K.L.:
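To start, I am sharing the structure in question, which I have written as structure tokens.
None of these values were measured; they are calculated from a predicted model. All residue numbers in this chain count up from 1 along the given sequence.
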Amino acid sequence: MRLDTVTTTAPQLPIEVDSETGIWTTDALPMLYVPRHFFINNHVAVEEALGAEKYAEILYHAGYKSAWHWCEKEAEIHGLQGVDVFEHYMKRLSQRGWGLFITEEIDLENGTASVRLEHSAFVYQMGKVDRKIEYMFTGWFAGAMDQILAAGGSSLRTQAEQVQSGAESGCDVGRFKVAPTS
């Protein structure tokens with residue numbers, strides 16, 4: 001019999017539950033707490049119905065808008081600006097169970113960033129399916145970057161793409177690039 005040692009910790013982000021309504025909030029935003037398999041099974045069902053390309057396009061725009069809003073509000077609440085906003089966003093995404101997001105490079109002047117994703121919830125649920133499956137995050141990275149750029153007075157806008165997935169053969173992590181739109 002094999003005994004694995006697992007180290008656990010309490011959530012590292014503020015979670016409040018309204019005792020009358022049962023509504024969860026984190027960072028003053030209402031949250032839903034659902035099992036990973038529930039979310040990803042729904043994600044896969046929509047992808048199968050619409051096709052991955054169309055679904056990715058829809059998620060990109062929705063995620064972009066949501067990330068912009070979140071970064072704007074969090075920057076205001078916590079007095080953050082510039083790279084600190086992006087790092088706070090990566091930290092919160094990591095703390096919410098999507099995976100571990102590591103900013104490998106960020107250059108606000110040029111509108112570029114590289115993000116590595118370890119321990120992807122999608123890969124844990126779906127396994128090695130030999131394709132890029134975390135495309136849902138691309139709009140998040142561009143939306144965050146563009147909000148930060150706009151708040152700093154820049155008119156530069158970006159786009160993001162997934163360039164590697166831990167679900168692909170020979171890959172252990174996901175990788176994303178943010179670059180200026182042409």
Side-chain angles (χ1 to χ4, degrees), residues 29-32 34-75 85-94 96-108 110-151 154-182:
L29 294 173
M31 305 295 288
L32 299 174
V34 299
R36 180 174 62 206
H37 75 270
F38 174 84
F39 176 85
I40 293 178
N41 287 343
N42 280 274
H43 174 85
V44 169
V46 174
E47 179 184 83
E48 288 172 354
L50 296 176
E53 188 174 311
K54 181 64 177 172
Y55 190 38
E57 180 184 335
I58 292 166
L59 288 175
Y60 189 96
H61 296 294
Y64 179 99
K65 180 179 179 181
S66 295
W68 182 298
H69 175 78
W70 190 91
C71 288
E72 185 173 55
K73 296 301 178 194
E74 283 295 290
V85 178
F86 197 84
E87 290 297 339
H88 180 62
Y89 190 46
M90 295 302 107
K91 178 181 176 182
R92 283 296 196 244
L93 292 176
S94 297
R96 290 187 174 140
W98 294 108
L100 179 60
F101 294 88
I102 298 119
T103 306
E104 294 186 318
E105 175 269 327
I106 186 165
D107 180 343
L108 296 181
N110 291 304
T112 61
S114 298
V115 177
R116 183 175 75 240
L117 172 59
E118 300 177 356
H119 305 288
S120 165
F122 285 92
V123 175
Y124 280 163
Q125 189 66 34
M126 297 170 68
K128 291 283 189 184
V129 294
D130 288 323
R131 65 186 180 94
K132 295 172 183 66
I133 58 174
E134 298 99 345
Y135 53 81
M136 184 172 89
F137 304 135
T138 57
W140 300 6
F141 301 142
M145 178 68 87
D146 287 1
Q147 188 284 321
I148 295 162
L149 291 169
S154 174
S155 60
L156 188 63
R157 293 298 172 262
T158 65
Q159 59 190 15
E161 68 174 320
Q162 183 173 17
V163 296
Q164 175 182 304
S165 173
E168 294 176 298
S169 295
C171 300
D172 294 329
V173 299
R175 296 191 183 279
F176 301 83
K177 295 285 185 191
V178 180
T181 56
S182 17

K.L.:
Would you kindly say whether His88 and Glu74 are connected by a side-chain donor-acceptor distance under 3.5 Å?
P.N.:
yes
K.L.:
Anything under 3.5 Å between a donor and an acceptor, one on a side chain of residues 57-65, the other on a protein residue two or more places apart or in another chain? List them.
P.N.:
| unit_1 | atom_1 | unit_2 | atom_2 | d |
| --- | --- | --- | --- | --- |
| Tyr60 | OH | Ala160 | N | 3.0 |
| Tyr64 | OH | Asp146 | OD2 | 2.6 |

K.L.:
Nearest 0.5 Å, please: how far is CZ in Arg116 from OG1 in Thr103?
P.N.:
10.0 Å
K.L.:
Any chance you could measure Glu161, atom CD, to Phe141, atom CZ, to the nearest 0.5 Å?
P.N.:
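These two atoms lie 12.5 Å from each other.
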K.L.:
To the nearest 0.5 angstrom, please state how far the CD atom of Glu87 sits from the CD1 atom of Ile106.
P.N.:
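Glu87 atom CD to Ile106 atom CD1 measures 6.5 Å (nearest 0.5 Å).
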K.L.:
Has the side chain of Ser154 got a donor or acceptor atom that lies under 3.5 Å from a matching backbone atom of Ala150?
P.N.:
no
K.L.:
Of the non-hydrogen atoms in Ala167 and Ile133, which two are nearest, and what is the gap between them?
P.N.:
CB-CD1, 3.5 Å
K.L.:
Taking only residues two or more places apart in sequence or in another chain, which ones pass ring-ring contact (aromatic ring centres under 6.0 Å, His included) with Phe137?
P.N.:
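For Phe137 the ring-ring contact (aromatic ring centres under 6.0 Å, His included) partners, ignoring immediate neighbours, are Trp98, Phe101, Phe122, Trp140.
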K.L.:
Kindly compute the distance separating CG (Leu29) from NZ (Lys73), expressed to the nearest 0.5 Å.
P.N.:
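The distance works out to 10.0 Å.
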K.L.:
Tell me the closest heavy-atom pair linking Leu108 and Leu149, and the distance in Å.
P.N.:
O-CD2, 3.2 Å
K.L.:
Hey, are Gln159 and Thr181 close enough side-chain-wise for a donor-acceptor pair under 3.5 Å?
P.N.:
no
K.L.:
Do Glu47 and Tyr135 come close enough that some side-chain heavy atom pair is under 4.5 Å?
P.N.:
yes
K.L.:
My understanding is that only residues two or more places apart in sequence, or in another chain, count here; which of them pass salt bridge (charged side-chain N to carboxylate O under 4.0 Å, His left out) with Arg36?
P.N.:
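Counting only residues at least two positions away or on another chain, Arg36 forms no salt bridge (charged side-chain N to carboxylate O under 4.0 Å, His left out).
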K.L.:
Just jot down the ring-ring contact (aromatic ring centres under 6.0 Å, His included) partners of Tyr55, sequence neighbours excluded, or say none.
P.N.:
His43
K.L.:
Once rounded to the nearest 0.5 Å, what's the spacing between atom OG1 of Thr112 and atom CG of Asp107?
P.N.:
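That separation rounds to 4.5 Å.
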K.L.:
What are the two closest heavy atoms between Pro180 and Asn110, and how far apart are they?
P.N.:
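Reported closest heavy-atom pair: CG-O, 3.1 Å.
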K.L.:
Could you go through the side chain to side chain contact (heavy atoms under 4.5 Å, CB included) check for Met31 and Arg96 one step at a time?
P.N.:
CA-CA 10 Å; Met31 305 295 288; Arg96 290 187 174 140; 3.4 Å; yes
K.L.:
Hydrogens and angles aside, do Glu134 and Gln162 bring a side-chain donor and acceptor to less than 3.5 Å of each other?
P.N.:
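Yes, side-chain donor-acceptor contact under 3.5 Å.
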K.L.:
How close do Gly139 and Ala67 get, heavy atom to heavy atom, and via which atoms?
P.N.:
O-CB, 4.5 Å
K.L.:
Can you give me the closest heavy-atom contact between Gly97 and Ala121, atom names plus distance?
P.N.:
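What the structure gives for the nearest pair is O-CB, 3.6 Å.
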K.L.:
Does the pair Met126 and Arg131 meet the rule for a side chain to side chain contact (heavy atoms under 4.5 Å, CB included), with working shown?
P.N.:
CA-CA 11 Å; Met126 297 170 68; Arg131 65 186 180 94; 3.8 Å; yes
K.L.:
Can you name the residues that form a ring-ring contact (aromatic ring centres under 6.0 Å, His included) with Trp68, not counting sequence neighbours?
P.N.:
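Here no residue qualifies.
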K.L.:
Quick one: which residue pairs count as a salt bridge (Lys or Arg N to Asp or Glu O under 4.0 Å) with a foot in residues 164-182, not counting sequence neighbours?
P.N.:
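Qualifying pairs: Glu104-Arg175, Lys132-Glu168.
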